[in-house]
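Contents: one structure, followed by commentary.
Just so we're on the same page: letters track the sequence lines, and every chain starts at 1.
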Protein chains: 2
Amino acid sequence: MPIMASPAPSTRDRIVAAANKLFYAEGIRGVSVDAVADKAGVTKRTLYYHFQSKDDLIAAYLAGRDQPNLELFKRWFDEARGGLAAKVQAIFDNLATSARHPKWKGCGFLRTSAELANMPGHPAIKIGAAHKKKFEAWMAAEFAAAKLSDAVLLARQVTLLLDGSFATVLLHRDPAYMEAAGQAANALITNAHRKR
Amino acid sequence: MPIMASPAPSTRDRIVAAANKLFYAEGIRGVSVDAVADKAGVTKRTLYYHFQSKDDLIAAYLAGRDQPNLELFKRWFDEARGGLAAKVQAIFDNLATSARHPKWKGCGFLRTSAELANMPGHPAIKIGAAHKKKFEAWMAAEFAAAKLSDAVLLARQVTLLLDGSFATVLLHRDPAYMEAAGQAANALITNAHRKR
DNA sequence: TTGTGTATATTCACTGGTCAGTATACATGC
DNA sequence: GCATGTATACTGACCAGTGAATATACACAA
């Protein structure tokens with residue numbers, strides 16, 4: 001497939017890209033709709049032509065992060081050498097590297113759910129929940145393919161370690177926690193292999 | 001020690017109590033200083049007599065949650081039957097019960113750090129980080145007392161599972177994740193016993 | 001080919017309301 | 001009288017969302 005010149009992004013895409021940068025960097029409630037419109041080079045009224053409300057924009061922001069994030073995890077997993085445990089651990093180690101970048105601010109999905117904890121039915125939270133379920137289901141499929149008996153439980157525990165490291169590294173600003181989480185994931189998987 | 005009639009709470013204490021309820025329930029940025037003052041039955045000017053700024057009030061809110069939270073964890077641990085792994089697991093199971101209460105909204109420290117992720121030096125974040133470090137150090141001391149070799153790493157991994165379950169249960173509203181995290185903690189500790 | 005209608009896309013200017021923080025004054029007890 | 005604590009009333013900034021008008025593009029009839 002030849003490399004194509006990417007078409008000029010639509011106005012809507014530019015708004016979502018601006019929202020992504022600002023919401024991720026400064027949080028949902030810390031960013032005004034005006035600020036997003038400015039960053040996108042568009043008037044606020046135009047933004048409200050493409051999105052019904054700020055809540056709608058928030059949902060679009062998270063929806064835009066879903067696939068790319070999952071693909072990144074899969075790529076880290078696929079490109080890692082070694083057995084299943086090592087490949088899962090590689091996700092954590094790669095994440096630790098990402099977390100050293102000064103612009104890293106944790107997981108956008110988890111941070112949004114923390115910020116909107118008083119609105120459990122918010123569309124953005126549903127998108128975040130679905131994203132994490134996809135990760136968990138992918139892990140479960142990998143474990144099941146390796147004929148591990150507790151594939152579902154194990155996938156859940158790896159997800160818990162992943163989200164724990166997002167939250168903890170955001171708090172302490174110390175990516176070493178991610179490596180500790182990766183070692184724990186490795187130990188749990190190795191253990192499951194032994195029991196098989 | 002006789003049970004004492006609790007003295008009438010000071011104005012400052014009433015303000016912190018009001019801030020605790022509102023900030024925990026609705027998030028920092030979602031609650032105005034006016035709302036806290038109203039809830040405390042005090043004018044905003046009085047609130048600003050006792051606190052220098054909203055940021056100062058946020059820090060007081062978290063500082064007030066530090067000791068009680070740690071003591072609760074310790075009580076759950078002490079009162080549980082069984083070995084070390086079972087006692088740690090009991091923390092997760094008790095937490096799952098708490099999380100079923102409709103007012104439960106995750107961990108105030110983690111949610112605040114998520115909301116203030118763009119202000120890494122904020123006093124409230126330092127208080128949250130110190131709180132989690134205390135939990136981790138307590139766990140490490142318990143593991144060291146049991147002569148487990150990787151006490152420090154293990155304590156860190158249990159903390160990661162705990163924070164992961166806070167974040168994940170807040171997102172999915174499903175306390176079963178906490179039980180899965182408790183089982184993972186149990187497995188890691190049991191594993192460490194075996195290696196000792 | 002040109003004129004006209006219509007849907008899409010965008011702008012400027014505005015509203016009603018909220019928010020963090022403050023100037024000033026009053027009360028109370030030592 | 002002075003320190004502590006509380007109240008009323010205000011400021012200037014910001015913010016989500018809107019009304020009304022304008023610009024662009026394209027379909028289709030004259």
Query - Name of the residue among B:Val16, B:Asn20, B:Val42, B:Val31 meeting side chain to side chain contact (heavy atoms under 4.5 Å, CB included) with B:Val36 - result: B:Val31
Report task. Send over the distance from B:Leu57 CG to C:dG21 C1', rounded to a whole Å. Result -> 13 Å
Requested in this report: Rounded to the nearest angstrom, tell me the gap between atom CG in A:Asp34 and atom P in C:dT18.
Outcome: 18 Å
Report task. For A:Phe51 and D:dA16, give me the distance from atom CZ to atom C1', rounded to whole Å. Result -> 16 Å
Query - Side-chain donor/acceptor of B:Lys44 to base of C:dG21, under 3.5 Å - result: yes
Query raised in the report: Quick one: the side chain of A:Arg45 and the base of D:dG19, do they pair up donor-acceptor inside 3.5 Å?
Result: yes
**Report entry** A:Val152 side chain near A:Phe143 side chain, heavy-atom distance below 4.5 Å
**Finding:** no
Query raised in the report: Can you find a side chain N or O atom of A:His50 that sits less than 4.0 Å from OP1 or OP2 on C:dT10?
Result: yes
Query raised in the report: How long is the line joining CD1 of B:Ile58 and P of C:dC19, in whole Å?
Result: 14 Å
Query raised in the report: So, is B:Ser32 close to the C:dT18 phosphate, meaning a side-chain N or O under 4.0 Å from OP1 or OP2?
Result: no
Report task. Ignoring backbone atoms, test whether A:Thr46 places a side-chain nitrogen or oxygen under 4.0 Å from the OP1 or OP2 oxygen of C:dT11. Result -> yes
Query raised in the report: Looking just at side-chain N and O atoms, do B:Ser98 and B:Asn94 make a donor-acceptor pair shorter than 3.5 Å?
Result: no
Query raised in the report: When we call it a touch if two heavy atoms are under 4.0 Å apart, what does B:Val31 touch: a base, just sugar-phosphate, or nothing?
Result: sugar-phosphate
Query - Between C:dT18 (P) and B:Lys54 (NZ): distance, integer Å - result: 15 Å
Query - Pair A:Glu179 + A:Arg100: basic N to acidic O under 4.0 Å - result: yes
Report task. Kindly say if A:Tyr49 contacts the phosphate of C:dT10, meaning a side-chain N or O under 4.0 Å from OP1 or OP2. Result -> no
**Report entry** d(CG, B:Asp55; C1', C:dG21) in whole Å
**Finding:** 12 Å
**Report entry** Of the listed nucleotides C:dT10, D:dC15, C:dT22, the one nearest the side chain of A:Thr11
**Finding:** C:dT10
Query - Length of the line joining A:Arg12:CZ and C:dT8:P, which is rounded to integer Å - result: 16 Å
Query - Rounded interatomic separation in angstrom, taking CG from A:Asp56 and P from D:dT18 - result: 12 Å
Query raised in the report: Between A:Ala129 and B:His172, which heavy-atom pair has the shortest distance, and what is it?
Result: O-CE1, 3.2 Å
